[in-house]
Amino acid sequence: MDVETKSGRSFVRARAALVAGSLGLLLAVSGCGASGDSMDSGAKAADGKAAPREGFADEGGAAASAASKEQADGKAAGKKAAPKPGGTHVIRTAALSVEVKSVPKAVAAARGAAEGAGGLVASENTERLDDTYETSHLVLRVPQERLQEVLRELAGSGKLLSRTSNAKDVTDQVVDVESRISTQRASVARVRELMDQAEKISDVVALEGELSSRQSDLESLLAQQASLKDRTSLATITLDLTPPDAPGDDGSKDEDPGFLDALGGGWDAFVTMLRWIAVAFGAAFPFLLTAALAVVVWRVLRKRKAARGAAPVVTAAPAGKDGASAS
């Protein structure tokens with residue numbers, strides 16, 4: 001009995017010690033877990049604070065990149081839709097009428113001014129009036145940045161009678177043509193791709209007709225673009241050169257002629273009349289000479305005929321008298 005009692009007590013003590021150790025171990029583990037949780041929660045909180053900042057930073061960077069991209073796209077679209085003032089396209093024309101002392105020298109000077117500015121003489125028409133006066137009409141093409149310089153030089157070559165200038169903005173037309181060219185080129189490329197994929201002859205024939213039509217439209221647009229480029233890069237100057245007192249000028253001398261003018265005009269008319277009389281006499285002289293010779297011959301023949309008719313009458317009269325006396 002004593003032995004069983006002692007063994008039971010020892011078992012109880014061992015069990016109690018085991019339970020106490022288990023409780024202590026549990027308490028220690030729970031304490032470590034709590035401290036670990038608190039540390040983890042603090043770290044998470046810190047990470048949470050930092051994480052939103054990093055997220056905001058990422059979102060801000062993405063937004064900035066997106067904004068910059070949108071701005072770049074907007075700028076590109078803006079360039080296509082509404083070009084900057086420096087990219088405007090303007091057609092400039094000017095017309096000058098200048099009175100010069102020597103038309104040939106002024107024509108040579110105008111040609112030199114245009115070629116010196118990097119331009120050219122598009123056309124030249126010189127006309128002589130009354131064998132004395134000479135006028136010239138020129139069309140010059142010069143770069144637009146040298147237009148004013150050339151106009152000043154031409155206006156200073158003589159007396160400026162009139163000057164006009166015009167400017168026409170064709171930026172919208174240029175942008176429209178360029179856009180249509182891009183679209184037409186893409187359309188031609190698509191038709192060619194379809195031709196490469198076509199298997200039936202009927203499809204190939206239809207696509208060839210469509211391709212020919214679209215290429216024709218593209219060439220027309222390219223011609224319009226070249227024409228606009230030429231007219232916007234080179235300005236056109238129309239120049240009229242006339243000498244002083246040329247016929248048709250609205251001068252006071254022509255409107256109110258004086259005595260000397262009338263005397264000169266009368267003398268010119270008199271000389272012209274004598275000239276025409278001499279010309280007429282020269283033209284009629286062969287006929288007059290022939291007529292005079294014919295008259296002379298006719299008179300000579302008439303005299304001879306009259307002389308021959310008078311001779312028999314004179315000889316017959318004495319014969320009659322003799323017969324009468326004899327009877």
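What's counted below: heavy atoms across the whole structure, side chains too, no hydrogens, waters or symmetry copies.
Follow the hydrophobic side-chain contacts under 4.5 Å out from Leu160 and you reach Val150 in the same cluster. Hydrophobic cluster membership is shared by Ile277 and Trp267, with clusters built from Ile, Leu, Val, Met, Phe, Trp and Tyr side chains linked at under 4.5 angstrom. By the rule that hydrophobic residues join a cluster once side-chain heavy atoms approach within less than 4.5 Å of another member, Val271 and Met273 end up as members of one cluster. In the hydrophobic cluster analysis, where Ile, Leu, Val, Met, Phe, Trp and Tyr join through side-chain heavy atoms closer than 4.5 angstrom, Val121 is grouped together with Val107. No single ILVMFWY cluster, assembled from side-chain heavy atoms under 4.5 Å apart, contains both Leu293 and Phe287.
Taking CG of Leu154 as the start and CD of Glu149 as the end, the distance is 10.5 Å to the nearest 0.5 Å. Note that the CD atom of Glu99 and the CG atom of Leu161 stand 5.5 Å from one another [nearest 0.5 Å]. Atoms CG and CD, from Asp203 and Glu210 in turn, are 13.0 Å apart once rounded to the nearest 0.5 Å. Between the CG atom in Leu147 and the CZ atom in Arg152 there is a gap of 9.5 Å [rounded to 0.5 Å]. One finds the CG atom of Leu301 at 12.0 Å from the CZ atom of Arg299 (value rounded to the nearest 0.5 Å). Remark: Lys303 NZ to Trp298 CH2 distance equals 11.0 Å, nearest 0.5 Å.
Listed for the Ser216 side chain is no donor-acceptor partner under 3.5 Å among the backbone atoms of Ser212. Between the side chain of Thr88 and the backbone N or O of Thr171, no donor-acceptor pair lies under 3.5 Å. Looking only at distances, no side-chain donor or acceptor of Ser187 sits under 3.5 Å from a matching main-chain atom of Thr183. Under a 3.5 Å cut-off, the side chain of Ser182 and the backbone N or O of Glu178 do form a donor-acceptor pair. Gln184 places a side-chain N or O within donor-acceptor distance of the main-chain N or O of Arg214, the cut-off being under 3.5 Å. For the pair Gln144 (side chain) and Val90 (backbone), a donor-acceptor distance under 3.5 Å is present. Between the side chain of Ser179 and the main chain of Asp176, no donor-acceptor pair closer than 3.5 Å is present.
Taking the side chain as every heavy atom from C-beta outward, Leu138 and Ile237 never approach each other to under 4.5 Å. Side-chain contact check for Gln197 versus Leu207: every heavy-atom pair is 4.5 Å or farther apart. Using a 4.5 Å heavy-atom cutoff, the side chains of Leu96 and Ser162 are not in contact. Side-chain contact between Asp240 and Val98: absent, with no pair of heavy atoms (C-beta onward) separated by less than 4.5 Å. Residues Val174 and Lys229 fail the side-chain proximity criterion, which asks for heavy atoms closer than 4.5 Å. For the pair Val188 and Leu211, the minimum side-chain heavy-atom distance is below 4.5 Å. Annotation: side chain of Glu208 is in contact with side chain of Met195 (closest heavy-atom distance under 4.5 Å). Contact of the Leu218 side chain with the Ile181 side chain is registered, since non-hydrogen atoms from C-beta on lie closer than 4.5 Å.
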Please test Val139 against Leu239 for side chain to side chain contact (heavy atoms under 4.5 Å, CB included), starting from the C-alpha separation and ending with a verdict. CA-CA 6 Å; Val139 178; Leu239 178 62; over 6 Å; no
Starting from the C-alpha separation in whole Å, work towards a yes-or-no answer on side chain to side chain contact (heavy atoms under 4.5 Å, CB included) for Leu234 and Val142. CA-CA 5 Å; Leu234 294 177; Val142 298; 5.9 Å; no
Decide side chain to side chain contact (heavy atoms under 4.5 Å, CB included) for Val100 and Thr242; before the verdict, give the C-alpha distance in whole Å, the side-chain angles of both, and the deciding distance to 0.1 Å. CA-CA 6 Å; Val100 295; Thr242 57; over 6 Å; no
Take His137 and Glu124, measure what side chain to side chain contact (heavy atoms under 4.5 Å, CB included) needs, and give me the verdict at the end. CA-CA 6 Å; His137 177 82; Glu124 178 181 346; over 6 Å; no
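The heavy-atom pair separating Pro104 from Glu134 by the smallest distance is CG-OE1, 3.6 Å. Across every non-hydrogen atom of Pro244 and Tyr133, the tightest pair is O-CE2, 3.6 Å. Between Ala110 and Leu140, the closest heavy-atom pair is O-CD1, 4.2 Å. Of all non-hydrogen atoms in Thr126 and Ser136, the two that sit nearest each other are OG1-OG, 3.3 Å. The nearest pair of heavy atoms linking Pro143 to Gly119 is CD-N, 4.0 Å. Taking both residues in full, the closest heavy atoms of Val170 and Thr232 are given as CG2-CG2, 3.7 Å, listed atom of the first, atom of the second, then distance.
The local environment of CG in Leu274 is crowded, with over 12 non-hydrogen atoms from other residues, nucleotides or ligands closer than 6.0 Å.
At a threshold of 4.0 Å, the pair Arg190-Glu193 does not count as salt-bridged, since none of the basic side-chain nitrogens sits closer than that to a carboxylate oxygen. The existence of a salt bridge linking Arg141 and Asp230 is confirmed by a sub-4.0 Å separation between a basic side-chain nitrogen and an acidic carboxylate oxygen.
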